[in-house]
*Asks:* 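Before I ask anything, let me first share the structure, which is written out below as structure tokens.
No hydrogens, no waters, no symmetry mates; every other heavy atom, side chains included, goes into these values. Whatever order the structure lists ligands and atoms in, that order sets their numbers, starting from 1.
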Amino acid sequence: MKNLTVVNNPLVKRDVTILRDKRTESHEFRAALNRVSYTIATEIGKGIELVEYDVETPLEITKGYRLKKQIVLVPVLRAGLSMVSSFLDMIPDAKVGHIGLQRDEKTLEPIDYYYKTPKNLDDSLTILLDPMLATGGSAVASFKYLKERGAQNCVLACLIAAPEGVKKMLDEHPEVPIYTAALDRQLNERGFIMPGLGDAGDRTFGTF
Ligand code: PRP
């Protein structure tokens, strides 16, 4: 699918299996999610623009690089929080905004309850972090908000995506690249990704 990158890496496949396994405890779930997030951050990093400058080593001057744009990470509460530390390890000078959304269990529509991002996102690369792309309602609403704040260069980082959510993103925000560790079969009647991994927020934080 256009604009969709499914990270193809044996280590990620192993960790996605750990995430899917219902016997996996929260601490193991968080650890696997961290490892996958590193790989996704690295994959997204391949497309990040650089500016060249001269750097002085202890021996001579050589070509060096810095990131061209400020990077802003935006986790979608709650589950997106679980991806922040890995991304910050890879991009320590990133700013972090937050978007609070809770999906209504009946209508599956996202209900917003919190927003806090840097004011002007015009010159930034904004990376939305959310392990689950199910109906796509949360991601679509998040990018609508971020674009209202000026975001022009956006990326979605998730772990598990459903074809329905990818399609909705392509319909509503076609220019936003999506990175995921797995593209699953479909949503079930309750809006859960199948085969999926259950609810990433609950499994991360042990709230069953
Ligand atoms: C889950 C998930 C996404 C959203 C995906 O959050 O973490 O944010 O649903 O679904 P969608 O693509 O259909 O919008 P949830 O509402 O369970 O909140 P939580 O992260 O606080 O558990």
*Asks:* Return yes or no for this condition: an N or O of R78 is under 3.5 Å from an N or O of ligand 1.
*Replies:* yes

*Asks:* Among protein heavy atoms, which sits nearest to atom 16 (O) of ligand 1, and what does the distance come to when rounded to 0.1 Å?
*Replies:* R103 N, 2.8 Å

*Asks:* Please enumerate all residues that pass ring-ring contact (aromatic ring centres under 6.0 Å, His included) together with F143, with sequence neighbours excluded.
*Replies:* H173

*Asks:* Please determine whether side-chain contact (heavy atoms from CB on, under 4.5 Å) holds for the pair S37 and F87, giving the CA-CA distance in whole Å, both sets of side-chain angles, and the decisive distance to 0.1 Å.
*Replies:* CA-CA 7 Å; S37 298; F87 271 76; 4.2 Å; yes

*Asks:* For ligand 1 and G136, I'd like to know whether there is a polar contact (N/O to N/O, distance under 3.5 Å).
*Replies:* yes

*Asks:* Verify whether the ring centers belonging to Y65 and Y53 lie closer than 6.0 Å.
*Replies:* no

*Asks:* How far is atom 8 (O) of ligand 1 from its nearest protein heavy atom, and which residue and atom is that?
*Replies:* D130 OD2, 2.6 Å

*Asks:* Quick one: does D202 get an N or O within less than 3.5 Å of an N or O on ligand 1?
*Replies:* no

*Asks:* In terms of residue, atom name and distance, what is the protein heavy atom nearest to atom 11 (P) of ligand 1?
*Replies:* T135 OG1, 3.4 Å

*Asks:* Flag the pair E25 and R30 as a salt bridge only when some basic side-chain nitrogen lies within less than 4.0 angstrom of an acidic carboxylate oxygen.
*Replies:* no

*Asks:* Tell me which protein heavy atom sits closest to atom 17 (O) of ligand 1, plus the residue, atom name and distance to 0.1 Å.
*Replies:* D199 OD2, 3.1 Å

*Asks:* Any nitrogen or oxygen of M132, main chain or side chain, under 3.5 Å from a nitrogen or oxygen of ligand 1?
*Replies:* no

*Asks:* Would you call R78 and D202 a salt bridge, using N to O less than 4.0 angstrom?
*Replies:* yes

*Asks:* Does the pair D104/K106 count as a salt bridge with the N-to-O cut at 4.0 Å?
*Replies:* no

*Asks:* Below the 3.5 angstrom mark, is there an N/O of A134, backbone or side chain, next to an N/O of ligand 1?
*Replies:* yes

*Asks:* Are D199 and R203 within salt-bridge range, i.e. N to O under 4.0 Å?
*Replies:* no

*Asks:* Considering only heavy atoms of A79, which atoms of ligand 1 have at least one such atom less than 4.0 Å away?
*Replies:* 7 (O), 20 (O)

*Asks:* Determine, for E164 against K168, whether the closest basic-nitrogen to carboxylate-oxygen distance falls under 4.0 angstrom.
*Replies:* no

*Asks:* Among all protein heavy atoms, pick out the one at the shortest distance from atom 14 (O) of ligand 1; state its residue, atom name and that distance to 0.1 Å.
*Replies:* S138 OG, 2.6 Å

*Asks:* Is the closest protein non-hydrogen atom to atom 4 (C) of ligand 1 under 4.0 Å?
*Replies:* yes

